[in-house]
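Order of appearance sets the numbers: ligands from 1, and atoms from 1 within every ligand.
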Amino acid sequence: LNAPEESPIGIFDSGVGGLTVVQAIHARVPHEHIVYFGDTARVPYGSKSKETITRYALENADFLVKQNIKLLIVACNTASACAIEALQKYNMPIVDVIKPGVRAAAKQTRNGRIGIIGTRSTIHSNAYVEELKKYDRNVFCTSISCPLFVPLVEENMTEGLIPSLVASQYLAPLISKHIDTLILGCTHYPLMRKTISKIMGDQVRLVDSASETALEVEKTLESYGLLRRSITSSRISFYVSDDPIRFTQMGSIFLDVPIEHVEIVCD
Ligand code: DGL
């Protein structure tokens, strides 16, 4: 039997968005094996109810747990916001993307005025505002949901006229709020960074949780004695619930390295 530290890290998202987190984790702990599950058959999560998102999250986690993972990463803000309590039933360390994102934003802000954008379910859950208030009760938070961003990213339409128009309309209410930090509270949104940044202007820092999550992963593995010591090359395996060809094309663009093997899993 393999030593526990040889087990992979399990990561899931509703689609390609979580690959932004995979990239950061692979850069931080390059020797770790990773198993990624993208629930491409059921994306987007962000417009669904808490009950449905929780059911999906538990099914995704069940699949990953069967792959003998040592750590579960919820690389989806929507699932982190809606299902993190239900996911605690697994007897293993879990890292979500909300706490690291909040920590990064709290470190960055100078004027204590923070904007949050995310899916409808994430914003509706108020998870970000509650977490930010734990850092600083007086922080000013303003949040907005951007439901069309995830389908745009899944279609690889992240720049150009249509994404710009959609983003200007969604982000307009934030402009007058004098925020200096904007949390990209959805793992798909870093892929729209350029478009969002053009609208918000240079003075607003865009914070995504990927690199802070990667740090958290390293710390968690260390504290559980689960860091992989071997420096033989690591494996990243990809699983999706629909159309592996599309995921492979999109994933290769987003990960910056070719995705060679994607397998489809059905119930
Ligand atoms: N990327 C996910 C998130 O961080 C889910 C987006 C969606 O499926 O709506 O919220």
Side-chain angles (χ1 to χ4, degrees), residues 10-25 36-61 64 72-84 86-87 94-102 104-105 115-129 131 143-158 163 166-167 170 182-193 196 206-214 216 238 240-243 246-247 250-251 253-255:
I11 305 180
F12 79 83
D13 180 40
S14 59
V16 294
L19 294 178
T20 56
V21 179
V22 171
Q23 188 167 36
I25 291 174
Y36 183 85
F37 178 72
D39 195 5
T40 50
R42 303 190 287 198
V43 64
Y45 281 11
S47 48
K48 300 193 168 83
S49 67
K50 183 176 166 127
E51 290 68 31
T52 300
I53 294 159
T54 303
R55 179 159 57 83
Y56 291 174
L58 290 172
E59 287 170 6
N60 301 344
L64 289 171
L72 176 67
I73 299 167
V74 186
C76 172
N77 290 267
T78 309
S80 300
C82 298
I84 203 69
L87 287 166
I94 301 183
V95 171
D96 72 83
V97 282
I98 293 183
K99 288 180 210 83
V102 163
I116 303 131
I117 53 175
T119 66
R120 198 176 278 132
S121 307
T122 299
I123 299 305
H124 186 238
S125 76
N126 225 23
Y128 268 102
V129 177
E131 200 61 37
S143 33
I144 282 182
S145 64
C146 307
L148 287 174
F149 281 6
V150 169
L152 283 172
V153 169
E154 290 283 329
E155 289 299 324
N156 195 19
M157 287 183 67
T158 55
V166 171
Y170 281 145
L182 177 62
I183 300 180
L184 307 181
C186 171
T187 52
H188 281 70
Y189 296 1
L191 301 161
M192 289 196 55
R193 184 181 273 275
I196 296 168
L206 305 185
V207 169
D208 75 70
S209 45
S211 49
E212 198 74 24
T213 300
E216 176 87 20
F238 298 96
V240 289
S241 48
D242 195 15
D243 197 354
R246 237 189 106 52
F247 181 88
M250 303 289 293
I253 298 171
F254 297 150
L255 250 198

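The main-chain N or O of A24 is never found under 3.5 Å from a side-chain atom of S211 such that the two would form a donor-acceptor pair.
Heavy-atom minimum distance, I53 versus T78: CD1-CG2, 3.6 Å. Here the shortest heavy-atom pairing between S241 and A41 reads OG-N, 3.0 Å. Residues S121 and S47 come closest through the heavy atom pair OG-N, 4.2 Å.
Using a 4.0 Å cut-off between charged nitrogen and carboxylate oxygen, D39 and R42 count as a salt-bridge pair.
Below 30°, between 30° and 60°, or above 60°: for F149 and Y189 the angle between ring planes is above 60°, a perpendicular geometry.
Among all protein heavy atoms, the one lying closest to atom 2 (C) of ligand 1 is D13 OD1, 3.2 Å. In terms of protein heavy-atom proximity, atom 10 (O) of ligand 1 is closest to T78 OG1, 2.6 Å. Protein heavy atom at the shortest distance from atom 7 (C) of ligand 1 is Y45 N, 3.3 Å. Of all protein heavy atoms, the one lying nearest to atom 1 (N) of ligand 1 is H188 ND1, 2.7 Å.
Applying ring pair (Phe, Tyr, Trp, His ring centres under 6.0 Å) to Y56 and the options F37, Y45, F12 leaves one that passes, Y45.
In this structure, of C82, C76, S14, the residue bringing a heavy atom nearest to atom 8 (O) of ligand 1 is S14.
When each atom of ligand 1 is checked for a heavy atom of T119 under 4.0 Å away, the hits are 6 (C), 9 (O), 10 (O). In summary, the atoms of ligand 1 found under 4.0 Å from a heavy atom of V43, numbered by their order in the structure, are 8 (O). Numbered from 1 in the order shown, with element, the atoms of ligand 1 that lie under 4.0 Å from a heavy atom of G46 read 7 (C), 8 (O), 9 (O).
Looking at ligand 1, you won't find any N or O of T122 less than 3.5 Å from one of its N or O atoms. For ligand 1, the polar-atom distance check finds an N/O of N77 within less than 3.5 Å of one of the ligand's N/O atoms.
Judged by the shortest distance from any of its heavy atoms, G17 lies outside the 4.0 Å radius around the atoms of ligand 1.
Put simply, CG on L152 and OG1 on T158 are 9.0 Å apart, with the number rounded to the nearest 0.5 Å.
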